[in-house]
Structure formats: C-alpha cells, structure tokens
Amino acid sequence: MPKPAIVCHGGAGHGARDQPGVEEATSLGWTLLQQGDSALDAALAAVVMMENDPFLNAGTGGRIRADGSIQLDAAVMTSDGRFGAVTCIEQTKNPILVAAKLLDEQVNMLAGRGAREFADSINVPRDEVEGSPQSTGNDTVGVIVRDQSGLIVVASSTGGCTGRPAGRIGDTPLIGAGIWCDEYVGISATGIGEAITLKMSSLRIADRVSSGGGLSDALKWGVEQFNSDIEVGFIGLSSQGDGVGIANTKMPWASKS
Ligand code: ASP
C-alpha cells in the first residue's frame, strides 16, 4: 500500500517567522491523512489554513496590486489527470476552494469576473479580502499530498508579487509552470512568477523525475536554472519517499510521512 505523505511551503522569500504556520498546516493535513481522508481533502484543508494565516498572505492577506485591488490565483492538479485553476479572482478569501471545484468541470480555468461568477454559482461567499499589511514581497503557499491509494494532489494559492498590474497572471495557476502533477511526481513552485513561467519549471523538473532522476537532484536542477538574484523555490513529492523543498532563498517548508 502506498505510504501517505505531505509537504507544504509558505513562499520563497519568507523567513523563520512563517515556519510555524507552515508546520501547523502540515500537521493538519497529516492528521486528516491519518484518518483516511483523501489527498484532495488533506491538501485543500492545509491550503485553506495557510490562506487564512495573515503572515502567509495568500488568500486573506494577498498582495495589493498597483491599482490597489487584490486579485488572487489558485490551482489544483491531481495525478489522475485533473486540473482546476482560477486567476485574478476578487472578493474571495479561499480561492483554492473555487479552483478545486473546477477539477470535474469541462472548463478547467477561469479568470476575473468569470471566476467570481462561478464561485457565486457554487455558493462561495463574496467577502472583502483585507490584503497584506506588508508593502513588499511575494506570496504563495503550496501543498503536495500522497494518500494511501497512491493519489498525488498539488494545490497552490497566491497573492502574486507586490505591485504588479491588475490582470497580471504569474506562474502559480499555469499548468507546467507553477504547478504539475502526474503519476510519478507533484511539483509546486514559488518565486518570481514571470521567470518561472518562462522556464516552464514544474513540468521540466517533473520530466527529470519521470525519466529516472532523483527528486532532490531534479529540484536542485530546477533552482539552478535561475540567476541567484531571482528568488525561486520548489517543493516536490514523488510516488514514493518523502517530500522535499529546495530554494535559492529563505523558504519555510515542512513535511511528514
Ligand atoms: N510565484 C508567485 C507569483 O509570481 C509569487 C511567489 O511565489 O512568491 O505570482
């Protein structure tokens, strides 16, 4: 029987102050897995906890855009071939729950007004999102879970990078760039979204794992593709073994198995 495991990160550039929030989310997901909950339920619960953590700043405390708006991105991908994402959604404290509802729809990605109207249709309440009190920095939280059936689920949520224009889409909700999951491995990225998107990092790291490379080496290779002045980090979890996190900057992360 596959061994359950979870790995979470709280964003490249975040320091030790944010480690407790990441550990709490990891413990919550782990407790659910131990109770026999699915990888999807455990991953969503862990992301929601981090979206609600004012220090981690995805969801509730998302970064403020250049025009003063708060527009959030979130995505979920599963090893059985499903994907759901929302981008630039407003008035939504937990965008990950909206992204997850797209996993079983024909449409797998919605932006802006359409994303919010879909949220209305599934009774996700409209709430004003407070926004991050910090004026600089980036935000993303990511979780990867493997359950006892062997299903792997990756879920990521972000307020983006500070001061980007309204409508800007970073790597987080882009399949292959900020998120990837197949039967071999799940990857979640964090850092400067435009740079990560250009390198299609998550898919290229995953390809190295599916062609026989070790997970730590593949993640290290992914980080090495960037100049050191571009903050990036990745977590990964394969079909066996423990979760791993690697970054070229501070990145709170935690795993349990
Ligand atoms: N990658 C995110 C974005 O560019 C931000 C981050 O992870 O720090 O939207």
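When a ligand or atom number is given, it counts from 1 through the structure's own listing order. Quick note: numbers below take in every heavy atom, side chains included, and nothing from hydrogens, waters or symmetry partners.
- Neither the backbone nor the side chain of Asp73 comes within 4.0 Å of ligand 1, counting heavy atoms alone.
- Within ligand 1, the atoms closer than 4.0 Å to a non-hydrogen atom of Thr140 are 1 (N), 2 (C), 5 (C), 6 (C), 7 (O), 8 (O), numbered from 1 in the order shown.
- Near Thr190, the atoms of ligand 1 lying under 4.0 angstrom from a non-hydrogen atom of the residue are 6 (C), 7 (O), 8 (O).
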(message) Checking Glu105 against Lys101 for the salt bridge (charged side-chain N to carboxylate O under 4.0 Å, His left out) test, could you report, in this order, the C-alpha distance in whole Å, the side-chain angles of both residues, the deciding distance, and whether it holds?
(response) CA-CA 7 Å; Glu105 299 287 330; Lys101 286 285 183 194; over 6 Å; no
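- Of the candidates Gly170, Ser156, Gly191, Gly191 brings a heavy atom nearest to atom 5 (C) of ligand 1.
- With a 4.0 Å heavy-atom cut-off, ligand 1 is reached by the side chain of Arg168 but not by its N, CA, C or O.
- Ligand 1 lies within reach of Cys161, whose nearest heavy atom is under 4.0 Å from it.
- Short contacts between ligand 1 and Asp171, defined as distances under 4.0 Å to a heavy atom of the residue, involve ligand atoms 1 (N), 2 (C), 3 (C), 4 (O).
- Hydrophobic clustering (ILVMFWY, side-chain heavy atoms < 4.5 Å, transitive): Trp30 and Leu28 are in distinct clusters.
- Taking any N or O of Ala189, backbone or side chain, none lies under 3.5 Å from an N or O belonging to ligand 1.
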(message) As a quick check of understanding, evaluate side-chain contact (heavy atoms from CB on, under 4.5 Å) for Met50 and Ser157, giving each step before the final call.
(response) CA-CA 9 Å; Met50 292 196 283; Ser157 182; over 6 Å; no
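- Among all heavy-atom pairs drawn from Asn248 and Asn227, the shortest one is ND2-O, 4.0 Å.
- For ligand 1 and Thr172, the ligand atoms under 4.0 Å from any heavy atom of the residue are 1 (N), 2 (C).
- Side chain of Arg65 to backbone of Gln71: a donor-acceptor contact under 3.5 angstrom is found.
- In terms of hydrophobic clustering, with Ile, Leu, Val, Met, Phe, Trp and Tyr side chains grouped at heavy-atom distances under 4.5 Å, Ile6 and Leu151 are assigned to a common cluster.
- A donor-acceptor contact closer than 3.5 angstrom links the side chains of Arg116 and Thr92.
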